[in-house]
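Notes follow once the structure below has been shown.
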Amino acid sequence: MGKKEEERARPEKLSVYLYIPNIVGYMRVVLNCVAFAVCFSNKTLFSLLYFFSFCCDAVDGWCARRFNQVSTFGAVLDMVTDRVSTACLLVILSQVYRPSLVFLSLLALDIASHWLQMYSTFLAGKSSHKDVKDSTSWLFRLYYGNRIFMCYCCVSCEVLYIILLLIAKNQTENLLNVVVSTLTQISPLSFLLALTLFGWSMKQTINIIQMKTAADVCVMYDIEKQQHKP
């Protein structure tokens, strides 16, 4: 590539970084950094900043469609921000509740499920990891095919984790005791906890289905590659 061609290419590359939805993505990263910096000293501020950053996920998606600024970089930035922020919150909860393995297992499932889904999407030649129309699981198709259901499941997970952090009184809480104690109280908090627990359970079930489905795609890719070998 000549010098002039290289100079013409630079502004185009820079423009993608400066897409409106990507700028929203950078703001989400900053909000999360500030939130986790105060997560133990000010739980209320952490919850507000974290949840606002989470809600901005919908904002950058709307901006991408509204301004025709959909990009692969933006999609990756979006997913990485989601996964890292949720992972950090799960790590914090693993330090607050016992057994901590519960939250570390959820972290592993979340990352493995989404990473395999993204990788299998590229292997299958699809343009989006949300293209699951060929899946045999009706729940998996419903999740990616119905925005309201997907939103409910995702919001339930994040709100549940925030609630658990807020209601923890010390760093040696028994998870089961706290959940049961809160659910048995007749209050708006117990209703919200029950509502989010159901959505959370749906999301974890979908994560398991997603991981297995994506693993199957990878295995079938290997089998087809072996069959086409001379």
Side-chain angles (χ1 to χ4, degrees), residues 27-62 81-111 113-114 139-140 142-210:
M27 290 172 56
R28 291 185 65 205
V29 173
V30 173
L31 284 169
N32 280 323
C33 288
V34 176
F36 284 108
V38 300
C39 63
F40 287 114
S41 59
N42 193 331
K43 289 182 180 180
T44 303
L45 179 59
F46 164 80
S47 302
L48 291 172
L49 291 174
Y50 182 91
F51 191 68
F52 182 66
S53 171
F54 173 73
C55 291
C56 285
D57 185 19
V59 175
D60 63 23
W62 179 86
T81 302
D82 287 341
R83 302 283 64 79
V84 170
S85 58
T86 302
C88 289
L89 181 50
L90 287 170
V91 168
I92 289 170
L93 289 172
S94 74
Q95 301 303 304
V96 175
Y97 287 95
R98 299 294 175 267
S100 58
L101 186 60
V102 171
F103 296 103
L104 296 178
S105 299
L106 289 171
L107 189 161
L109 174 61
D110 187 59
I111 292 177
S113 171
H114 285 85
L139 185 60
F140 195 35
L142 175 65
Y143 178 75
Y144 279 117
N146 189 304
R147 285 184 177 275
I148 295 175
F149 181 61
M150 178 193 281
C151 182
Y152 165 64
C153 293
C154 293
V155 171
S156 292
C157 279
E158 301 301 332
V159 172
L160 174 64
Y161 297 149
I162 291 172
I163 289 174
L164 289 176
L165 182 64
L166 288 173
I167 63 179
K169 294 181 175 62
N170 53 62
Q171 293 188 13
T172 56
E173 297 279 12
N174 181 283
L175 178 60
L176 185 59
N177 290 346
V178 171
V179 171
V180 171
S181 174
T182 305
L183 287 174
T184 52
Q185 299 171 8
I186 302 175
S187 66
L189 179 61
S190 63
F191 174 75
L192 181 60
L193 185 62
L195 188 65
T196 56
L197 266 172
F198 180 75
W200 169 86
S201 64
M202 288 290 99
K203 182 69 167 67
Q204 304 318 309
T205 302
I206 290 160
N207 276 344
I208 293 171
I209 295 171
Q210 178 170 262

Stepwise side chain to side chain contact (heavy atoms under 4.5 Å, CB included) test for T81 and V84: CA-CA 5 Å; T81 302; V84 170; over 6 Å; no

Shortest non-hydrogen contact from C153 toward Y143: CB-CE1, 3.9 Å

Atom of S113, atom of Q210 and distance for their closest heavy-atom approach: OG-NE2, 2.6 Å

Please table the atom pairs, donor to acceptor, closer than 3.5 Å between any side-chain atom in residues 195-204 and protein atoms at least two apart or in another chain.
from : atom 1 : to   : atom 2 : distance (Å)
T196 : OG1    : L192 : O      : 3.0
T196 : OG1    : L193 : O      : 2.9
W200 : NE1    : Y161 : OH     : 3.0
S201 : OG     : L197 : O      : 3.4
S201 : OG     : F198 : O      : 2.6
K203 : NZ     : N207 : OD1    : 3.2

CZ-CD1 distance between F46 and I92, expressed to the nearest 0.5 angstrom: 5.0 Å

Note, F36 side chain near Y50 side chain (heavy atom, < 4.5 Å): yes

From CG (N32) to SG (C39), nearest 0.5 Å: 11.5 Å

Selection residues 148-159 - residue pairs positive for salt bridge (Lys or Arg N to Asp or Glu O under 4.0 Å), sequence neighbours left out: none

Approximate separation, where rounding is to 0.5 Å, of I162 CD1 and T44 OG1: 11.0 Å

Pairs where residues 176-193 contributes a residue and the test side chain to side chain donor-acceptor pair (under 3.5 Å) is met, not counting sequence neighbours: none

Rounded distance [0.5 Å steps], CG in L90 versus CZ in R83: 9.5 Å

Side-chain donor-acceptor pairs of residues 93-103 under 3.5 Å, sequence neighbours excluded:
from : atom 1 : to   : atom 2 : distance (Å)
S94  : OG     : V91  : O      : 2.5
Y97  : OH     : L164 : O      : 2.4
R98  : NH1    : S94  : O      : 3.1

Nearest atoms (heavy-atom pairs only) where T205 meets L139: CG2-CD2, 3.9 Å

With sequence neighbours excluded, residues passing side chain to side chain contact (heavy atoms under 4.5 Å, CB included) with R147: R65

Heavy-atom pair of closest approach, residues L165 and K43: O-NZ, 3.0 Å

OH-CZ distance between Y152 and F149, expressed to the nearest 0.5 angstrom: 8.0 Å

Test item: L189 and I167 side chains (from C-beta on) under 4.5 Å apart, heavy atoms: yes

Set of residues satisfying side chain to side chain donor-acceptor pair (under 3.5 Å) with respect to D82, sequence neighbours excluded: R28

Plane angle bin for F140 and Y144 - parallel if under 30°, tilted between 30 and 60°, otherwise perpendicular: perpendicular

Any L49 side-chain heavy atom under 4.5 Å of S53 side chain: no

Within-4.5 Å side-chain heavy-atom neighbours: C157 and T86: no

Nearest atoms (heavy-atom pairs only) where H114 meets D110: ND1-O, 2.9 Å

